[in-house]
Q: 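One structure follows; several queries about it will come next.
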Amino acid sequence: MSRIAYVNGRYVPHGSAQVHVEDRGYQFADAVYEVCEVFDGKIVDMTRHLDRLDRSLRELSIGWPVARPALERILREVVDRNRVTYGLVYLQVSRGVARRDFPFPPAGTKPALVVTSRAIPRTVAAKVADEGIRVITTPDIRWQRVDIKTTGLLAQVLAKENAKRHGGKEAWMYDADGNVTEGGSSNAWIVTADGVLVTRPAESGILKGITRAAVMDFAAREGLKVEERPFTIDEAKHAREAFVTSATGIVSPVVQIDDAILGNGHPGVLASDLRRRFHEGVELLPVRAY
Ligand code: PDD
């Protein structure tokens with residue numbers, strides 16, 4: 001079956017889907033995006049993702065490309081047309097198409113919208129659950145507005161490529177004080193010896209992950225203690241467990257940080273439990289309205 005993409009009002013074959021050469025997303029990374037997990041034919045936490053999209057757009061004074069209910073329909077339609085049961089749906093909004101010039105384009109320039117969806121083989125998730133992942137640390141060289149989910153991801157491209165070359169699935173970036181900020185495309189967590197979940201506060205240096213919020217909700221329901229505070233790479237290397245959260249990886253246990261093996265080198269009990277039960281409390285929106 002051929003893949004379908006949504007581009008500025010049309011559903012087109014993925015292979016020939018195109019944006020203009022002067023799309024500001026292409027030229028300036030003047031664009032924001034969201035990624036939602038698709039689980040069992042349902043979009044996970046769409047409301048929270050679209051709330052964050054709204055914030056990203058407002059922070060950058062980009063308008064909604066279509067009304068929110070229309071975007072919700074498009075997301076469901078793209079997942080449905082691509083017959084995705086397990087995978088992701090991606091949306092990107094750029095400031096639109098205009099002659100290349102740094103200041104904002106003339107009023108009336110329409111924001112551009114692209115939506116794609118793809119399946120992720122279940123075997124990929126099973127391997128992460130069974131074996132966990134290795135992360136490679138690297139200095140965080142990003143700009144200061146990492147709270148906005150923009151497509152300006154070059155620092156993460158370099159960090160994750162470096163991680164890959166060193167046998168890692170994810171990069172953990174650290175700030176000038178040696179504290180972990182977050183993963184290249186995930187939030188970073190550790191579990192202390194007494195079972196406390198620790199993650200960096202969302203106020204600085206990270207994107208406020210939707211999966212992170214879902215894990216916090218889960219922890220509150222289960223009576224698990226969460227501490228939002230910075231932690232160093234050294235603390236992480238000696239932690240009882242570590243894991244990362246993201247829409248694409250939900251909860252992925254970390255078993256190795258650089259050359260340091262965590263615990264017995266297998267996914268931690270708490271991280272594995274969080275992963276197994278992750279979908280219990282999240283919003284699950286069926287793609288087809290029956
Ligand atoms: N990335 N931090 C960064 C830098 C991210 O890029 C992401 C997500 C997260 C986790 O956020 P959430 O739980 O809302 O997915 C944290 C997506 C998955 C990506 O770029 O593919």
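In listed order, ligands and their atoms are each counted from 1.
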Q: Can you measure from OG (Ser204) to CG (Asp147) and round to the nearest 0.5 angstrom?
A: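 It comes to 10.0 Å.
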Q: Would you say Arg48 touches ligand 1, if touching means a heavy atom closer than 4.0 Å?
A: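 So Arg48 does not count as touching ligand 1.
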Q: Please determine which of Thr138, Val244, Asp140 meets the side-chain contact (heavy atoms from CB on, under 4.5 Å) test together with Trp172.
A: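 Single pass found, and it is Val244.
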Q: Out of curiosity, is Lys149 lining ligand 1, as in a heavy atom under 4.0 Å away?
A: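 Right, Lys149 reaches ligand 1.
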Q: I want to confirm something. Looking only at heavy atoms, which of Ser185, Ala247, Ala214 is nearest to atom 7 (C) of ligand 1?
A: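 Selected option, by shortest heavy-atom distance: Ser185.
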Q: With rounding to the nearest 0.5 angstrom, report the NE2 to CG distance, His238 to Leu262.
A: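 CG of Leu262 is found 9.5 Å from NE2 of His238.
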Q: With the threshold set at under 4.0 angstrom, would you say Gln156 reaches ligand 1 through any of its heavy atoms?
A: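 Yes, that is the case, since the closest heavy atom of the residue is under 4.0 Å from the ligand.
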Q: Considering only heavy atoms, which of Ala159, Gly209, Ser186 lies nearest to atom 9 (C) of ligand 1?
A: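 The option holding the nearest heavy atom is Ser186.
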Q: Relative to atom 4 (C) of ligand 1, which among Gly184, Ala155, Cys36 owns the nearest non-hydrogen atom?
A: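 Heavy atom nearest to atom 4 (C) of ligand 1 belongs to Gly184.
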Q: Hey, is OH on Tyr26 packed in by over 12 heavy atoms from elsewhere, all under 6.0 Å?
A: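 At most 12 heavy atoms, drawn from other residues, nucleotides or ligands, come within 6.0 Å of this atom.
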Q: Which word best sums up how the rings of Trp189 and Phe243 line up, parallel for under 30°, tilted for 30 to 60°, or perpendicular for over 60°?
A: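 Ring orientation, 0 to 90° scale: parallel.
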Q: Show me which atoms of ligand 1 lie under 4.0 Å from any heavy atom of Ile210.
A: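 Every atom of ligand 1 under 4.0 Å from some heavy atom of Ile210: 12 (P), 13 (O), 14 (O).
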Q: Which label fits Phe39 and His279: parallel for a plane angle under 30°, tilted from 30 to 60°, or perpendicular past 60°?
A: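 Rings of Phe39 and His279: parallel, as their planes differ by under 30°.
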Q: Considering only the protein, which heavy-atom contact is closest to atom 21 (O) of ligand 1, and what is its distance?
A: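 So the nearest neighbour among protein heavy atoms is Val35 CG2, 3.7 Å.
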Q: Of the listed options (Thr211, Thr245, Thr248), which comes nearest to atom 10 (C) of ligand 1 when hydrogens are ignored and any heavy atom counts?
A: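 The nearest heavy atom belongs to Thr245.
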Q: With heavy atoms of Asn187 as the reference, note each atom of ligand 1 found under 4.0 Å away.
A: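 With Asn187 as reference, the close atoms of ligand 1 come out as 10 (C), 16 (C).
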Q: Return the residue, atom name and 0.1 Å-rounded distance of the protein heavy atom closest to atom 19 (C) of ligand 1.
A: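 Minimum-distance protein heavy atom for atom 19 (C) of ligand 1 reads Tyr33 OH, 3.7 Å.
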Q: Determine, using heavy atoms of Glu34 and all atoms of ligand 1, whether some pair is separated by less than 4.0 Å.
A: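 Outside the 4.0 Å threshold, so no.
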Q: Going by the atom numbers of ligand 1, which of them fall below 4.0 Å from some non-hydrogen atom of His49?
A: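 Those atoms are 14 (O).
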Q: Below 3.5 Å, N or O to N or O, backbone or side chain included: is there any such pair between Glu182 and ligand 1?
A: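 The answer is yes, given that Glu182 and ligand 1 share an N or O pair closer than 3.5 Å.
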Q: Transitive ILVMFWY cluster of Val97 at side-chain heavy atoms under 4.5 Å: who else is in it?
A: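 Hydrophobic cluster check, Val97: no partners found.
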Q: Quick one: NE2 on His266 to CD1 on Ile261, what's the gap to the nearest 0.5 Å?
A: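 Between atom NE2 of His266 and atom CD1 of Ile261 there are 9.5 Å.
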Q: Which residue, Arg200, Lys208, Arg142, Arg212, forms the salt bridge (charged side-chain N to carboxylate O under 4.0 Å, His left out) with Glu182?
A: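 Running salt bridge (charged side-chain N to carboxylate O under 4.0 Å, His left out) over Arg200, Lys208, Arg142, Arg212 with Glu182 returns exactly one hit, Arg142.
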